[in-house]
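Some notes on the structure that comes next.
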Amino acid sequence: MHANCDKCGRPFAVVPQEKTHRKGIIETYFACPFCRHHYSASVTNHKVRKLIDELKTLRLAEPPTSAKAIELRERKATRLKTEIDAKMAELKRRYCGDE
């Protein structure tokens with residue numbers, strides 16, 4: 001994947017990297033190779049990774065057959081996604097100063 005740097009405007013290949021901040025806090029990011037501008041893609045902790053695994057398991061499970069079961073599954077997936085997004089946004093604010 002390629003991107004243009006917001007700071008220097010030069011195109012570059014995105015190479016994801018990981019950084020451990022402390023006790024299980026992992027930031028996935030990439031940086032412009034020219035000006036070193038830092039782009040934080042995600043920040044997770046143990047609880048967020050557990051929720052992501054739960055959502056992945058839910059999505060890979062055999063699809064339900066009844067309309068009610070489908071609706072319940074979709075509600076649970078939406079709830080998990082919302083919780084993951086909120087927790088990741090908070091971690092990103094706390095550890096990266098980003099939104």
Side-chain angles (χ1 to χ4, degrees):
M1 184 165 125
H2 286 79
N4 288 331
C5 180
D6 293 337
K7 189 172 181 184
C8 72
R10 295 173 74 176
F12 65 95
V14 174
V15 179
Q17 300 174 14
E18 286 188 348
K19 176 182 177 182
T20 302
H21 285 272
R22 61 172 239 221
K23 274 199 162 183
I25 306 295
I26 299 173
E27 175 188 10
T28 304
Y29 69 96
F30 58 94
C32 173
F34 305 106
C35 70
R36 301 286 179 217
H37 185 68
H38 183 95
Y39 295 89
S40 181
S42 68
V43 181
T44 62
N45 61 10
H46 176 72
K47 181 165 176 92
V48 171
R49 289 189 295 276
K50 187 175 176 181
L51 290 170
I52 290 169
D53 286 343
E54 187 178 340
L55 181 59
K56 194 180 303 182
T57 300
L58 181 67
R59 289 181 173 165
L60 294 175
E62 192 170 320
T65 54
S66 72
K68 183 170 180 146
I70 292 170
E71 182 183 340
L72 288 173
R73 180 179 171 168
E74 287 304 312
R75 269 198 237 152
K76 184 173 183 178
T78 301
R79 180 189 56 79
L80 285 169
K81 180 74 171 113
T82 302
E83 188 174 352
I84 290 166
D85 290 346
K87 289 183 183 306
M88 285 178 67
E90 173 58 31
L91 288 168
K92 200 170 184 181
R93 273 191 296 277
R94 187 179 305 163
Y95 291 97
C96 301
D98 293 352
E99 199 172 290

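FYI, the numbering just counts along the sequence from 1.
- Considering E83, K81, R75 as possible partners of R79, the one that fulfils the side chain to side chain contact (heavy atoms under 4.5 Å, CB included) test is E83.
- Contact between T28 and P16 at its shortest, heavy atoms only, is CG2-CB, 4.4 Å.
- Using a 4.5 Å heavy-atom threshold, the side chains of I25 and V43 count as touching.
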Start with the C-alpha gap between R93 and E90, add the side-chain angles, then the distance that decides, and say whether salt bridge (charged side-chain N to carboxylate O under 4.0 Å, His left out) holds. CA-CA 5 Å; R93 273 191 296 277; E90 173 58 31; 3.4 Å; yes

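- Note that the SG atom of C32 and the CZ atom of R10 stand 7.5 Å from one another [nearest 0.5 Å].
- A salt bridge (Lys or Arg N to Asp or Glu O under 4.0 Å) check over residues 28-53, counting only residues at least two apart or in different chains, returns nothing.
- In terms of heavy atoms, V48 sits closest to M88 at CG1-CG, 3.6 Å.
- Note that CG of L91 is 8.5 Å distant from NZ of K87, once rounded to the nearest 0.5 Å.
- If you chain together hydrophobic residues whose side chains sit under 4.5 Å apart, L55 and I26 never meet in one group.
- Between Y39 and Y29, the distance from one ring center to the other does not fall under 6.0 angstrom.
- Atom CG in N45 sits 8.5 Å away from atom CG in L51 (nearest 0.5 Å).
- Annotation for H37: atom NE2 counts as buried by contact number, over 12 foreign heavy atoms lying within 6.0 Å.
- To the nearest 0.5 Å, the span separating CZ on F34 from SG on C5 amounts to 9.5 Å.
- Remark: K76 engages E54 in a salt bridge (Lys or Arg N to Asp or Glu O under 4.0 Å) (not counting sequence neighbours).
- Minimum heavy-atom separation, A31 to F12: O-CE1, 3.9 Å.
- When all heavy atoms of F30 and V15 are compared, the closest pair comes out as CB-O, 3.6 Å.
- Separation of atoms CD (E27) and OG1 (T44) is listed at 10.0 Å; rounding is to 0.5 Å.
- The NZ atom of K92 lies 7.5 Å from the OG atom of S42; values are rounded to the nearest 0.5 Å.
- Under a hydrophobic-cluster definition in which Ile, Leu, Val, Met, Phe, Trp and Tyr are linked whenever side-chain heavy atoms come within less than 4.5 Å, directly or via other members, L80 and L72 are assigned to different clusters.
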